[in-house]
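Remarks on the structure that follows.
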Number of protein chains: 2
Amino acid sequence: MLPNSKELPLCPVATTVGLIGNKWKLFILRELLPGAKRFGELRKRIPDISQKVLTQNLRSMEEDGIVTREVFAEVPPRVEYQLSELGNSLRPIISVMEVWGLNYQKNVAAAVHAELESL
Amino acid sequence: MLPNSKELPLCPVATTVGLIGNKWKLFILRELLPGAKRFGELRKRIPDISQKVLTQNLRSMEEDGIVTREVFAEVPPRVEYQLSELGNSLRPIISVMEVWGLNYQKNVAAAVHAELESL
DNA sequence: CGGGATCCGTTTTGATACTG
DNA sequence: CAGTATCAAAACGGATCCCG
């Protein structure tokens, strides 16, 4: 994916894709929709993501103004991530993906059911 | 990205992301929304995509039932790709990304303008 | 000639071990 | 616990060859 594109593409879709067009960012976005989460929480909730990749993507999203990062001077350390206003404005995108995914799952389930019936 | 995930994830967002959560597929989708296009056309219209990657993603999308591929026995050869019904059902996703991108572009433009004003 | 398969060198991405 | 360093894996670009 574009690592923090400086120049914005002419096509609006390309602009959006440039900012969140990779699966990790979409997952991070989904996790942050309900509210702030700390690093370890994100790591636990996003299947198969490594610390490095999580860090990378969070930093990139921070640079892009999608998330904010708050470090608490505590021991053990705590770092919280949360959607910015811009990040929040992306909600409809995740939303529509969720709706589509649900529908797809239902249809796949129906198809499997029909196949079993026909045996 | 998941290369044609056999098992579908529990989370609907993950299901969707598994199918189209990579920038090339999103671009391909965008190009095919208006109607069928041939290989070379896609290649020309999608910036910086190589034939190999374009082929790979088109094949993957074909396997996933998102696009259909029609080969015409002609010289010079012609191969047309077009959205299936399933592919068409993804339209709202691209749509909402386009709307968001447009808005973002407008806001960035406004911000640049404001910055110039303040000098 | 257009679509695409394949080989290879490079860049990106990712998994793991290690540090404050 | 959160984040960096190191090393392995994959995605990608480009050249080349092929087939109709």
Please tabulate, one pair per line, all N/O donor-acceptor pairs under 3.5 Å involving side-chain atoms of residues 91-101 of chain B, not counting sequence neighbours.
residue	atom	partner	partner atom	Å
R91(B)	NE	N88(B)	OD1	3.3
R91(B)	NH2	L33(B)	O	3.1
R91(B)	NH2	N88(B)	OD1	2.8
W100(B)	NE1	S89(A)	O	3.4
W100(B)	NE1	S89(A)	OG	2.9

| field | Residues that R45(B) engages under side chain to side chain donor-acceptor pair (under 3.5 Å), provided they are two or more places apart | value | E31(B)
| Sequence neighbours excluded, which residues qualify as side-chain contact (heavy atoms from CB on, under 4.5 Å) partners of K106(B)? | none
Between [atom2] on [N] and [atom1] on [X], what's the gap in Å once rounded to a whole number?
| X | N | atom1 | atom2 | result |
| --- | --- | --- | --- | --- |
| E70(A) | dA2(D) | CD | P | 13 Å |
| L54(A) | dT13(C) | CG | C1' | 14 Å |
| N57(B) | dG13(D) | CG | P | 10 Å |
| F27(B) | dC12(D) | CZ | C1' | 15 Å |

Can a side chain N or O of [X] be found less than 4.0 Å away from OP1 or OP2 on [N]?
| X | N | answer |
| --- | --- | --- |
| R38(A) | dA2(D) | yes |
| R43(B) | dG3(C) | no |
| W24(B) | dA11(D) | no |

| Contact class for F72(B) (heavy atom, under 4.0 Å): base, sugar-phosphate, or nothing? | nothing
| remark: Contacts of P77(A) and V53(A) projected onto DNA chain C by closest heavy atom; the upstream (5') one is V53(A)
| message | Walk me through whether Y81(B) and I28(B) qualify under side chain to side chain contact (heavy atoms under 4.5 Å, CB included). | response | CA-CA 10 Å; Y81(B) 292 91; I28(B) 291 170; over 6 Å; no
What protein N or O atoms touch nucleotides 5-8 of chain C N or O atoms at under 3.5 angstrom, if any, and at what distances?
residue	atom	partner	partner atom	Å
dA5(C)	OP1	R59(B)	NH1	2.8
dA5(C)	OP2	R59(B)	NH1	3.3

| Note, L42(B) side chain near I49(B) side chain (heavy atom, < 4.5 Å) | no
| request: Please name all residues satisfying salt bridge (charged side-chain N to carboxylate O under 4.0 Å, His left out) with E74(A), sequence neighbours left out, ordered by chain then number. | output: R78(A)
| message | Angle between the end axes of the helix from dC1(C)-dG20(D) to dG20(C)-dC1(D), five pairs per end, to the nearest 10 degrees? | response | 30°
